[in-house]
Amino acid sequence: CGMPRAACIKVHFLSRDGVRNERALGRRVGGPLYVSYYGALGTALGARLRRVGSQLQVPVISLVRDPIAREVSGLFQVPELAGPSLRDRHGRVDVERALLYLEELFVRGEACLGADRWFDQEMRDVFGIDVFSEPFPRERGYAVLSGRRARVLVLRTEDLDRTLAPALQEFLDLPKAPAVQHANRRTHTDQASAYRGVLERFRLPRAIVDEIYARRLSRHFYSDAMLDRFRGRWIR
């Protein structure tokens with residue numbers, strides 16, 4: 001097919017429901033004629049995987065992150081999802097508007113819902129890998145799970161500086177740990193100042209924070225000590 005020997009494909013959703021939602025978000029941001037790149041890629045790749053079935057064991061790498069930090073970062077990744085009112089007249093994300101939007105999102109109970117559901121919808125249903133079926137090695141910071149259709153590496157974002165190189169060496173069976181580089185750091189983008197401003201000021205009521213960290217994803221991947229550190233960061 002002219003593909004390189006080791007093709008690495010970044011995709012957000014592969015399930016039919018996931019791809020449908022991806023396309024809907026694309027139209028919400030770009031209008032009714034907008035074609036979502038990741039939606040089209042997920043449709044094609046998901047269909048190919050369903051045809052292949054268990055004939056091929058696919059290597060999959062996925063990250064998990066503090067749900068609240070992920071929600072805040074995600075707003076700056078695609079601020080258009082919050083609507084045009086989030087930006088100021090210069091096109092930059094306005095800190096006050098971002099803080100108000102995030103607080104309303106969490107108070108309505110609409111925040112941090114997708115990550116927990118994602119592992120069921122995109123990992124268990126597509127590849128037959130249930131990441132919650134066995135304890136996560138919290139001290140090590142990453143896990144390798146195998147099934148008939150996939151071999152999966154799950155890493156905590158908070159530990160990437162120390163775990164990414166050895167995890168890739170183990171997962172890919174490399175003779176030595178690879179050199180890794182940082183990319184897409186939110187603090188190194190043109191929105192870095194606004195992002196730091198939101199991180200410094202965004203706080204939530206204890207009840208909301210405790211409810212999020214009592215959910216399955218938080219309890220599975222993070223120790224009590226780590227969750228306590230997260231609470232200290234976000235509780236008003």
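FYI, the numbering just counts along the sequence from 1.
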* Would Arg216 count as a cation-pi partner of Phe132, with NZ or CZ less than 6.0 Å from the six-membered ring centre and within 45° of the ring normal? -> yes
* To do: Examine distances only and state if a side-chain atom of Glu103 and a backbone atom of Leu204 form a donor-acceptor pair shorter than 3.5 Å.
  => no
* In terms of hydrophobic clusters joined by side-chain contacts under 4.5 Å, are Phe13 and Tyr38 together? -> yes
* Asked: Same hydrophobic cluster for Val154 and Leu168, using side-chain heavy-atom links shorter than 4.5 Å among ILVMFWY?
  -> no
* To do: Answer whether the closest heavy-atom distance between the side chains of Glu158 and Asp66 falls below 4.5 Å.
  => yes
* Asked: Going by heavy atoms in the side chains, are Thr43 and Arg16 under 4.5 Å from each other?
  -> no
* Asked: Do the charged groups of Arg215 and Glu211 touch, with an N to O distance under 4.0 Å?
  -> yes
* Asked: Can any side-chain N or O of Arg206 pair as donor or acceptor with the backbone N or O of Arg231 at less than 3.5 Å?
  -> no
* Closest non-hydrogen atom pair, Arg201 against Glu96 -> NH1-OE2, 2.6 Å
* Arg92 versus Ser193, side-chain donor and acceptor atoms under 3.5 Å -> no
* Please tell me if the side chains of Ser146 and Gln57 come closer than 4.5 Å, counting only heavy atoms from C-beta onward. => yes
* Structure fact -> The single option from Tyr195, Phe76, Tyr101, Phe106 that satisfies ring pair (Phe, Tyr, Trp, His ring centres under 6.0 Å) with Phe202 is Phe106
* Validation row: Phe221, Met226 side chains within 4.5 angstrom (heavy atoms) -> no
* Asked: What's the verdict on side chain to side chain contact (heavy atoms under 4.5 Å, CB included) for Leu113 and Trp118, showing C-alpha distance, side-chain angles and the deciding distance?
  -> CA-CA 9 Å; Leu113 297 176; Trp118 187 91; over 6 Å; no
* Start with the C-alpha distance between Leu49 and Phe127, add both sets of side-chain angles, then the distance that settles side chain to side chain contact (heavy atoms under 4.5 Å, CB included), and finish with yes or no. => CA-CA 9 Å; Leu49 289 171; Phe127 295 107; 3.8 Å; yes
* Asked: According to the interplanar angle, ranging from 0 to 90°, do the rings of Tyr222 and Phe230 count as parallel (below 30°), tilted (30 to 60°) or perpendicular (above 60°)?
  -> perpendicular
* Asked: Does any N or O in the side chain of Ser218 come within less than 3.5 Å of the main-chain N or O of Ala214, such that one atom is a donor and the other an acceptor?
  -> no
* For the student: nearest non-hydrogen atoms of Pro79 and Arg87, plus distance -> CG-NH2, 3.0 Å
* For the residue pair Leu160 and Leu63, establish whether any side-chain heavy-atom pair is separated by less than 4.5 Å. => yes
* Work out which heavy atom in Pro67 is nearest to a heavy atom in Leu217; give both atom names and the distance. => CG-CD2, 3.9 Å
* Is Asp120 paired with Arg117 through a side-chain N to carboxylate O contact shorter than 4.0 Å? -> no
* Structure fact -> Note: Asp130 and Leu145 closest approach over all heavy atoms is O-CD2, 4.1 Å
